[in-house]
Student: 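Structure below; questions to follow.
A quick note: this is a predicted structure, and the numbers were derived from the prediction, not measured. Convention: sequence-line order gives letters A, B, ...; per-chain numbering from 1.
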Number of protein chains: 2
Amino acid sequence: MKDIEILDSTLRDGAQGEGISFSVQDKLKVLKSLDELGIDLVEAGNPGSNPKDLEFFRQAKGLKLNHSRLAAFGSTRRRGVKVEDDDNVKNLLTADTPVVVIFGKSWDFHVTDIIKTTKKENLAMIEETVAFFVGKGKEVVFDAEHFYDGYKASPEYALQCVEAGLRGGACSAVLCDTNGGSLPKFIYDATSDVVKKFPDAVIGVHCHNDSGFAEANSVMAIDAGARHLQGTLAGFGERCGNANLSTLIANLQLKNQCRCVPDESLALLTPMVRRVAEIANISISNGMPYVGKSAFAHKGGMHIDGVSKNTSSFEHVDPDLVGNERRFLMSEVAGRSMILKRIQRISPSLDKDSPETKEIMEELKNMEMEGYQFEGAESSFELVIRKHLGKYRPFFELDHFRIIGDQPAEDKNISNSAILKIKVDGTEEITAAQGDGPVNALDKALRKALEVFYPELKKVHLTDYKVRVLDSKQATAARVRVLIESADETDSWTTVGVSTDIIEASWIALRDSIEFKLLKEIERKMSAYF
Amino acid sequence: MKDIEILDSTLRDGAQGEGISFSVQDKLKVLKSLDELGIDLVEAGNPGSNPKDLEFFRQAKGLKLNHSRLAAFGSTRRRGVKVEDDDNVKNLLTADTPVVVIFGKSWDFHVTDIIKTTKKENLAMIEETVAFFVGKGKEVVFDAEHFYDGYKASPEYALQCVEAGLRGGACSAVLCDTNGGSLPKFIYDATSDVVKKFPDAVIGVHCHNDSGFAEANSVMAIDAGARHLQGTLAGFGERCGNANLSTLIANLQLKNQCRCVPDESLALLTPMVRRVAEIANISISNGMPYVGKSAFAHKGGMHIDGVSKNTSSFEHVDPDLVGNERRFLMSEVAGRSMILKRIQRISPSLDKDSPETKEIMEELKNMEMEGYQFEGAESSFELVIRKHLGKYRPFFELDHFRIIGDQPAEDKNISNSAILKIKVDGTEEITAAQGDGPVNALDKALRKALEVFYPELKKVHLTDYKVRVLDSKQATAARVRVLIESADETDSWTTVGVSTDIIEASWIALRDSIEFKLLKEIERKMSAYF
């Protein structure tokens, strides 16, 4: 078992990803999550380039961390300036973190053409800056920026830069593939060479995903002897992102005999990645290895059959190990067996050749063509089945509704109200409500009217509301799909509606959500009697 | 230069990705795109498991393809059945494609425990099925399913399966990492062994991304001697997806001395991936290597400075080579220089220390906190600057509007209408319009009223409308961000609005879009005079 020191840079390099902007509060939440997961080092900001980060470091000092050490990130001193007079260096000191990450150039072209100094001065900038922070009692990580491109262009100079950092007293020297352009075999060879040259040093790796190899390159470097690994938990970062630590931790710990986080933390990987993505307000891709929503979702008919017989037939690891879950998706590709199971839950006597089964399959296909999608909205699907089998009776009848959005003047807010009339077993109820936005007004009015007849609806609340524009090229006349997630004290369920009208799509999903709850209620009561 | 035969399975394995459902028309469009890109083989369906695919193959026969050969995919015959009596085999023949891909088991555990037959019978199933199609004049590709897991468990048997396919007459034998669990070094070693054992055969590779290594593993296999590569253009596929062919084609052709598509096709990669994703109605991740929206987007201040000096400082390849483009993002991390450039375009005399610059930075920060995002909505950002600098005069004044959504009865459609009154230089115009949905009605009414004063607006149309729910846990009262893309004959621009009310958010973005167009028009006229 080889120990790997992990440095997460979600709050620094990750914040450079498109669409990401963390508030101080967001940053504190992410830090706490990474600490809970057992990450060794959290690189949380660049106080020199972003003054907001200083406020974060001030507040972070009050936080009790169980596992993580906090790091601030910054550049070497500028050329021709004394270390102690450099503004960036001063800001780094003010951040007052136990760990400091100093980055310096290690590609001769960058030295001469971008920061426009001499190769000798660049080596001095590295060594002196590292030594300065070591002298202040800091643990210093030296990031050799553009190391692999530098090594390709001029291996001796790139190695001299690493040596300068180590001579300054850095605990580890990190080889960066800053532009993300390197290939796995080259990374292996170059890293092996560095490890051989500096056998006593801790060598690290920092990869970007521009060629799609951030994770493979990281594993290659570790195979070649690296012992410190940098990345971001969900792969956030500039351009194509940084090495995805969730993928790497799972691979290294489950398949490569390495320890990155405490063993008991592995099962936290999925929830922590999702929490961090939610704080960043970025949807992670469904297909993200190990932690994505689809990572263990089976759709092909043969795959579903195989996994039902033996999970290892189509799964490389057990989803429980990383806190994820297995799912079976419903669709035409899923084959009939999956859909049949759902139908039989409602009508056990039907089989795959029953005409009802075929009709439901047909209906499913037609609705999918219209833009419906029942993966993840199984409650709406159950209602489709019930309607077809006659095992459905509407709980209420809509007489009419009217929604009014009023913008009385340029500088006033819009006011939204809904008037709605329903009938339940012949008894009418008319009501009205105001809300934030037209859908919210309609939702409130519908509940208000129905609670008169069904008080159990008081316990239901909507927990999520999603809008997807399906054919966005149609602009404001586009078809939209609305997904609504509802919950009561014990359960949560999702329903779906599709229309060119967002109000209508929302209404369909709202109505299904309420009907599903009332059906559940009846089933619960029945099961108490039988 | 090594030639690699590419097989794209977007229409078969890709269709097993969560959320993907292709109609026959969709499939024909994807096929045409892949042909245009110069893909060798297009695996387009599994007629045995999905009868809709037969209709596709019927229609595809009428299509003239310039480059691609069409392939149908199916299993070996079942155990104990004669090849010619097997239903899957019959369906494959009906598809009537020049190429047939036959998959068979090559992991002994699957043979005995999943399809429950003997190892000997499985070898016969492979050889006989391949030979049957070769006898019908087909070009046959043999996919050795689960090859790498099989090779780990029992190398001899896995190799016997490959041999059975080749003995049957397959043009190529493809080693599949069906569960996506293998690591790059193992793939290299196992593939090398196969290439050594069958030196005259074309060996192929088919990887999945469950460990995040689909692309690295594919490149490893090609380094080890494979000459046929399977994947899907945008990486779509079951669970975590298949090997991403756009990443692989770019890497192999630009960095590995391989030819996968004609050289002149490389610049089609980005548009083709986006077209296929649009047909699939899946948003590809911004960070997708080479072709993603952020793949060449620079946000960090130092990166922007570096790339401005020399593009190779922070870019591994030139974005033009793959049909993508370089972008500079605006945000607090971008540093002031980026924002200052925008400000100076409007007021050249301002510098970074001007109080106006500081105020605008502050405003930008506050609006970002509210949920605004100006990356990709530079037009709204320009209006913010102009309003601050007093270089803005509203083109119209809103008096009021009212939107009414009427659902007169349960079985009727909702009708949406908007009444709106505006003033331009003291002249009033009141009008009304109906639309699909409330926003569409409002959009139509606003244009109708404004075209009376500004006929140039007739040339403007909305090309995209996107809704993002920002804090979806607030359900129907959630804050939403609306992005509207507009275009006239020469240009396109994007504006943004944020509110808890989708109507209000849409109104803000609509209004900005129209004002931006009218400003552009004035600038155009002025430049004709000065």
Student: Between B:Pro438, B:Gly435, B:Ser313, B:Pro289, which residue shows the highest count of heavy-atom pairs closer than 4.5 Å to chain A?
Tutor: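 Greatest number of close heavy-atom pairs with chain A: B:Ser313.
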
Student: Under 4.0 Å between a Lys/Arg side-chain N and an Asp/Glu carboxylate O for B:Lys293 and A:Glu18?
Tutor: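 Looking at B:Lys293 and A:Glu18, the cut-off is met.
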
Student: Are A:Glu410 and B:Lys423 within salt-bridge range, i.e. N to O under 4.0 Å?
Tutor: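 Answer for the salt bridge query: no.
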
Student: Considering only heavy atoms, which portion of A:Asn46 lies under 4.5 Å from any heavy atom of chain B: side chain, backbone, both, or neither?
Tutor: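 The side chain, not the backbone.
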
Student: Under 4.5 Å heavy-atom distance to chain A, tell me which part of B:Ser312 shows up: side chain, backbone, both or neither.
Tutor: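 Looking at B:Ser312, backbone and side chain both touch chain A.
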
Student: Given a strict heavy-atom distance threshold of 4.5 Å, which part of B:Thr247 is in contact with chain A: side chain, backbone, both, or neither?
Tutor: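 Contact with chain A involves the side chain of B:Thr247 alone.
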
Student: Given that the side chain runs from C-beta out, which part of B:Asp13 has a heavy atom under 4.5 Å from chain A: side chain, backbone, both or neither?
Tutor: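 The answer is neither part of B:Asp13.
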
Student: With a 4.5 angstrom heavy-atom cut-off, could you sort out which part of B:Asn251 is near chain A: side chain, backbone, both or neither?
Tutor: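 Side chain only.
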
Student: Please examine the side chains of A:His208 and A:Asp177, heavy atoms only from C-beta on, and report whether any two atoms are closer than 4.5 Å.
Tutor: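 No. Closest side-chain heavy atoms not under 4.5 Å.
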
Student: Which answer fits B:Glu315, side chain, backbone, both or neither, if we ask what part of it has an atom under 4.5 Å from a heavy atom of chain A?
Tutor: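 Backbone of B:Glu315 only, per the 4.5 Å heavy-atom cut-off to chain A.
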
Student: Please flag which part of B:Asn416 lies under 4.5 Å from any non-hydrogen atom of chain A: side chain, backbone, both or neither.
Tutor: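 Looking at B:Asn416, just its side chain touches chain A.
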
Student: Does A:Asp113 come within less than 4.0 Å of B:Lys309, counting only side-chain N to carboxylate O?
Tutor: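 No, no charged N to carboxylate O under 4.0 Å.
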
Student: Measure the CZ-CD distance between B:Phe213 and A:Glu215 for me, rounded to the nearest 0.5 Å.
Tutor: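 Those atoms lie 7.0 Å apart.
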
Student: So which part of B:Arg511 gets closer than 4.5 Å to some heavy atom of chain A, the side chain, the backbone, both or neither?
Tutor: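 It is the side chain, since no backbone atom gets that close.
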
Student: Given that the side chain runs from C-beta out, which part of B:His146 has a heavy atom under 4.5 Å from chain A: side chain, backbone, both or neither?
Tutor: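 Answer is side chain: those atoms of B:His146 sit under 4.5 Å from chain A.
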
Student: Would you say B:Ser285's side chain and B:Gly287's backbone share a donor-acceptor pair under 3.5 angstrom?
Tutor: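 Answer holds: yes.
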
Student: Under 3.5 Å, is there a donor-acceptor pair between the side chain of A:Asn179 and the main chain of A:Gly181?
Tutor: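 No, because the side chain of A:Asn179 does not come within donor-acceptor range (under 3.5 Å) of the backbone of A:Gly181.
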
